[in-house]
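See below for the structure under consideration.
Note: hydrogens, waters and symmetry copies are ignored here, and every other heavy atom, side chains too, is used.
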Amino acid sequence: MGIGASVGKGGVNDLADVLVVQHLLNAWLGATGQSLLPTSGSCGTLTIAAITAYQGKALSMPKPNGLITPGGKTWTALAAGQGIPPLLSGAAWWNANQARSPNSAAVADLVQPFRGNVTAFLKAMKDAGASVTISATRRNATRAHLMHYSWCVANGAVAPNKVPALPGLRIQWDHGDLARSRKGAQEMVDLFQIAFEPSLTSRHIEGRAIDMTIGWNGTLKIQDKAGKTRKLDAPRTGDANRDLHAVGATYGVIKLLSDPPHWSDDGR
């Protein structure tokens with residue numbers, strides 16, 4: 001990303017360049033609690049005033065000129081995010097940013113052939129009268145990173161200044177104090193509702209796993225992949241009924257016994 005010509009007071013102010021500058025300025029304005037610019041692509045008084053303010057406040061220029069030139073000091077600093085306060089981990093970060101990395105509960109987001117296997121197994125269960133609630137399919141890799149390191153920092157497994165950076169993810173785990181750093185991480189653990197250490201290599205990230213809660217009343221008469229009808233009684237839950245697990249396996253949907261709702265293509 002760059003600009004082809006000058007933007008600001010006395011600048012060329014091409015539409016595309018002005019839009020880039022306005023978006024970058026809004027990142028600084030928003031992070032510092034100031035009113036955002038309209039991203040119109042038109043360089044008016046508000047945009048020039050924002051450039052001037054950025055030069056004075058973020059760059060400490062003694063004589064701000066309200067102009068950004070390609071490759072110049074103001075452009076280099078703005079493009080690098082200079083002057084934007086660090087985004088510390090914690091409840092405030094989670095509330096403002098976690099929705100940008102959503103997980104999926106859609107079967108369509110699984111990879112083939114697992115997607116087709118799950119679809120067939122779900123149909124067999126529903127045709128037999130079982131209730132099935134899907135809570136997760138594909139997990140966002142950024143969300144997995146956040147969940148994993150929230151847990152690790154909160155529990156002292158990884159030092160806050162040793163969390164690896166993830167391209168495109170702006171978060172600072174190190175608050176300058178270990179207790180505050182762990183508190184911020186714990187707030188995110190609580191908001192993510194994490195009970196066990198999240199994996200960075202989960203089959204969910206690869207689109208090869210599904211979490212689902214399954215139940216039925218009476219005797220469940222279900223067909224396996226070969227078309228054979230099997231009769232399943234108690235326990236009437238997907239997490240505990242080994243006969244249902246065997247039916248799932250015929251479809252290539254394997255139960256992970258240690259994780260109540262979790263099924264995958266290889267049982268991991």
Side-chain angles (χ1 to χ4, degrees), residues 1 19-20 22-33 36 39 79-112 114-115 118 133-175 180-213 256 259-265 268:
M1 178 178 63
L19 282 170
V20 169
Q22 287 174 335
H23 281 291
L24 291 173
L25 284 170
N26 276 343
W28 172 70
L29 291 167
T32 53
L36 301 185
T39 51
Q82 184 174 327
I84 297 178
L87 301 176
L88 296 174
S89 58
W93 190 97
W94 192 93
N95 288 321
N97 296 283
Q98 64 85 24
R100 299 178 184 178
S101 305
N103 286 335
S104 173
V107 174
D109 287 332
L110 298 171
V111 298
Q112 292 288 25
F114 187 60
R115 183 198 315 158
V118 167
T133 301
I134 298 171
S135 55
T137 54
R138 192 149 199 167
R139 182 171 297 154
N140 184 289
T142 298
R143 195 176 190 87
H145 174 97
L146 289 165
M147 293 175 69
H148 176 79
Y149 286 107
S150 293
W151 174 272
C152 289
V153 172
N155 287 276
V158 175
N161 62 350
K162 297 297 183 181
V163 176
L166 190 66
L169 177 63
R170 292 190 64 247
I171 185 170
Q172 182 166 319
W173 299 93
D174 189 353
H175 292 224
R180 288 199 299 268
S181 299
R182 293 184 66 175
K183 179 178 180 293
Q186 184 62 52
E187 289 175 356
M188 295 178 61
V189 167
D190 294 341
L191 288 165
F192 277 126
Q193 299 181 336
I194 302 171
F196 304 98
E197 181 180 344
S199 172
L200 284 175
T201 57
S202 167
R203 293 291 182 262
H204 280 292
I205 299 171
E206 302 168 354
R208 297 167 52 195
I210 183 170
D211 285 354
M212 50 187 173
T213 302
L256 176 61
D259 189 341
H262 186 91
W263 304 67
S264 69
D265 65 353
R268 296 173 58 190

query: Are the side chain of Thr137 and the backbone N or O of Ile210 linked by a donor-acceptor pair below 3.5 Å?
result: no
task: Applying side-chain hydrogen bond (donor to acceptor under 3.5 Å, both in side chains), name anything that partners Thr32, two or more places apart in sequence or on another chain.
output: Gln34
message: Can you give me the closest heavy-atom contact between Val163 and His145, atom names plus distance?
response: CG1-NE2, 4.2 Å
field: Residue pair Leu29 / Leu36: nearest heavy atoms and the distance that separates them
entry: CB-CD2, 4.0 Å
- prompt: Which heavy-atom pair separates Ser101 from Asn140 by the least distance, and what is that distance?
  reply: CB-OD1, 3.6 Å
- prompt: Looking at Ser104 and Asp109, what are the two nearest heavy atoms and their distance?
  reply: OG-OD2, 2.5 Å
message: Whether the side chain of Asn155 engages the backbone of Ala157 through a donor-acceptor N/O pair (distance < 3.5 Å, no angle test) should be reported.
response: no
- line: For Tyr149 and Pro164, the nearest pair of non-hydrogen atoms, with its separation, is OH-CG, 3.4 Å
Flag for Asp190-Gln186: side-chain donor and acceptor within less than 3.5 Å: yes
- prompt: Quick check: are there more than 12 heavy atoms from other residues, nucleotides or ligands sitting under 6.0 Å from CD of Gln193?
  reply: no
field: Heavy-atom pair with the smallest gap, counting every atom of Ser150 and Met188
entry: OG-CB, 3.5 Å
field: Backbone of Arg182 reached by a side-chain donor or acceptor of His175 within 3.5 Å
entry: no
message: If I take atom CZ from residue Arg268 and atom CG from residue Leu256, how far apart are they, to the nearest 0.5 angstrom?
response: 10.0 Å
Glu187 side chain near Ser89 side chain, heavy-atom distance below 4.5 Å: no
- prompt: How many angstroms lie between CZ in Arg139 and CE in Met147, if you round to the nearest 0.5 Å?
  reply: 5.5 Å
Using residues 194-202 as the side-chain source, report each donor-acceptor pair under 3.5 Å to any protein atom, sequence neighbours left out, with the distance given to one decimal.
residue, atom, partner, partner atom, Å
Ser199, OG, Thr201, N, 2.8
Ser199, OG, Thr201, OG1, 3.2
Ser199, OG, Ser202, N, 3.3
Ser202, OG, His204, N, 2.9

- prompt: Got a second to check how far Arg143's CZ is from Ile205's CD1, nearest 0.5 Å?
  reply: 12.5 Å
- request: Find the distance between CG (Asp211) and OG1 (Thr133) and round it off to the nearest 0.5 Å.
  value: 12.0 Å
message: Under a 3.5 Å distance rule, please check whether Arg208 uses its side chain to pair with a backbone N or O of Val111 as donor and acceptor.
response: no
query: Please walk me through it: do Trp151 and Phe192 pass ring-ring contact (aromatic ring centres under 6.0 Å, His included)?
result: CA-CA 10 Å; Trp151 174 272; Phe192 277 126; over 10 Å; no
query: Any side-chain heavy atom of Arg115 sitting closer than 4.5 Å to one from Val107?
result: yes
- prompt: Going through the distances and angles, do Arg203 and Asp265 end up as a side chain to side chain contact (heavy atoms under 4.5 Å, CB included)?
  reply: CA-CA 8 Å; Arg203 293 291 182 262; Asp265 65 353; 4.2 Å; yes
Tell me which donor-acceptor pairs under 3.5 Å the side chains of residues 166-174 have, and how far apart each pair is, sequence neighbours excluded?
residue, atom, partner, partner atom, Å
Gln172, NE2, Asp174, O, 2.9
Asp174, OD1, Gly176, N, 2.9

message: Are Trp263 and Val118 packed together at the side-chain level, in the sense that at least one heavy-atom pair is separated by less than 4.5 angstrom?
response: no
